[in-house]
Structures are given as structure tokens and as C-alpha cells.
Amino acid sequence: MRYERTFGDIPGYPEGSCFGTRLELSQAGLHRPMVAGISGSGRIGANSVVLAGGYEDTEDFGDEILYTGHGGRDPETGRQVAHQTLTRGNLALACNKLYGLPVRVIRGARQRSPYAPEAGYRYDGLYSVDEYWREVGKAGFYIWRFRLVKMAVSGPR
DNA sequence: TCCATGCGCGGCC
DNA sequence: GGCCGCGCAGTGG
């Protein structure tokens, strides 16, 4: 697995590719972490993100996504019980905006949106991180919010 | 070292 | 049958 090869499309898995579980996504190289929704680091940026309904503040408009950063959740209930900080995956997504890096978007069936697959997970192509900011989420705690915008498909390189 | 948008099972309505 | 809470498994950033 070459690190520098982890941004952008993955050969053999075009947009629209479907998967049953996070394990399959990981093995395909589209999104390696088995649990985390954001893959990447604050140093190099985020390779991929998963929309799977884990955060109530995430909004899905198809070609535009308001993605919620991670952190501040109660491990038991999944509810926001604390403020999020601009660290780890959140910092990685901020890095994508800074350097103009694309991020792979995968939608899971648990995401409540008309754009989510009926079952399993689906790779929905590359998005750019247009902007990000901090705001108060539904639970009353600060969350980091990222505006992801679908990138035009430029065809084979 | 810790954290992370799983997964399956059993109980309840 | 669907929803929800709980507990456990296990990999990668």
C-alpha cells in the first residue's frame, strides 16, 4: 500500500461501486479504517469519509454535503456530550481545503437521505472541501462542519 | 495510547 | 417486523 497513492480514485473501483460491509470497503482500499468515518491525518489530509448516520448534524444534498467532524460523542449512546476539537480527522479535512485535495465519499444505508444506498455502502466519487467552520450542533455543543462539493468527473486520465 | 459514522444479538412494543 | 440498547471484536490513523 503506497501512501502517496491513497488520494483520489482507486483503480478497479469506479464511482458507484457497492460493498456490503466496512470490512469490504477496507480491503478495497477505498476507506481503510474499520470503524472511523474519516480516514487520514492532520499532516497529509483526509483520503476518504463515510456517511453512515453516525452524527445527527450531517446533512446530505447529493452534490453537496455538510459533513460533521468527529469527537465529543458518548461512546455508549452516540450522542454529542462535549465540544469537538479541530484535531485528528477534523484537522485532516481542514488540510484538504488548504491544499485542495479531493476526498472520496462513501454513503452507507444508515445515512438518512434519499442519496443513501438501500443496503451496505456505495462509493460516490470525489468531493472537494470547500470550506469549514465551527457551529453549535443540535445537541448544543460545538461541532466542526465541512462543506463537501462534488467534483466534476473529468474522464480517464 | 487512545479513539473511531461496526456489527450482531436479544428484548421490547 | 422494526426499533433500540448493550456488549464485543478488531483494525488503522
Side-chain angles (χ1 to χ4, degrees), chain A residues 1-8 10 13 15 17-62 64-99 101-127 129 132-150:
Chain A
M1 294 292 182
R2 302 301 302 169
Y3 212 45
E4 55 267 29
R5 191 67 197 90
T6 58
F7 282 93
I10 300 297
Y13 298 99
E15 183 176 333
S17 296
C18 295
F19 303 85
T21 64
R22 289 291 296 264
L23 179 60
E24 294 176 34
L25 270 177
S26 182
Q27 291 172 340
L30 279 172
H31 187 79
R32 296 214 188 85
M34 303 287 290
V35 180
I38 304 172
S39 173
S41 73
R43 292 174 61 85
I44 66 153
N47 318 116
S48 53
V49 297
V50 171
L51 280 76
Y55 287 81
E56 61 183 354
D57 294 298
T58 292
E59 295 181 65
D60 186 2
F61 304 106
E64 178 181 328
I65 297 167
L66 296 183
Y67 194 81
T68 308
H70 62 187
R73 291 198 317 167
D74 183 310
E76 300 287 331
T77 65
R79 300 292 181 185
Q80 292 297 135
V81 295
H83 299 305
Q84 290 186 350
T85 58
L86 194 59
T87 57
R88 295 171 178 267
N90 301 347
L91 190 57
L93 281 168
C95 195
N96 279 55
K97 171 180 165 42
L98 183 61
Y99 297 116
L101 297 170
V103 61
R104 290 186 296 274
V105 168
I106 294 105
R107 284 187 174 88
R110 293 176 140 186
Q111 179 69 25
R112 292 185 296 277
S113 112
Y115 307 98
E118 291 187 4
Y121 299 87
R122 186 186 64 224
Y123 172 49
D124 281 340
L126 301 174
Y127 285 64
V129 181
Y132 65 92
W133 64 93
R134 191 184 71 163
E135 67 181 48
V136 176
K138 292 178 180 176
F141 296 94
Y142 283 119
I143 60 167
W144 283 93
R145 175 62 60 87
F146 300 87
R147 185 192 306 278
L148 309 182
V149 177
K150 187 92 161 59

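Each chain gets a letter, A, B and so on, in the order the sequences are listed, and its residues count up from 1.
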Pairs touching residues 78-90 of chain A that satisfy salt bridge (Lys or Arg N to Asp or Glu O under 4.0 Å), sequence neighbours left out: A:Glu56-A:Arg79

Distance, rounded to the nearest Å, where A:Arg32 contributes CZ and C:dG10 contributes C1': 17 Å

Note, A:Leu66 side chain near A:Arg147 side chain (heavy atom, < 4.5 Å): yes

Contact letters for nucleotides 5-13 of chain B, in which S counts primed atoms plus P, OP1 and OP2 and B counts the base, heavy atoms under 4.0 Å: BSS------

Heavy atoms of other groups near A:Glu118 CD, more than 12 under 6.0 Å: no

Integer-rounded Å distance: C:dG12 P and A:Leu25 CG: 14 Å

Euclidean distance, atom CZ of residue A:Arg79 to atom C1' of C:dC4 [Å, nearest integer]: 10 Å

Backbone N/O of A:Thr58 and side chain of A:Thr68: donor-acceptor pair under 3.5 Å: yes

Donor-acceptor under 3.5 Å (A:Tyr132 side chain, A:Leu91 main chain): no

Distance in angstrom units between A:Ile143 CD1 and B:dA4 P, rounded: 15 Å

For atom NE2 of A:His31 and atom P of C:dT11, their distance in whole Å: 16 Å

For DNA chain B, stems built from three or more consecutive Watson-Crick or G-U wobble pairs below 3.5 Å: B:2-4 with C:11-13, B:6-13 with C:1-8

Ring-ring centroid check A:Tyr67 A:Tyr127, cutoff 6.0 Å: no

Charged tip of A:Arg104 within 45° of A:Tyr123 ring normal and under 6.0 Å: no

Heavy-atom pair with the smallest gap, counting every atom of A:Asp60 and A:Ser113: OD2-OG, 2.8 Å

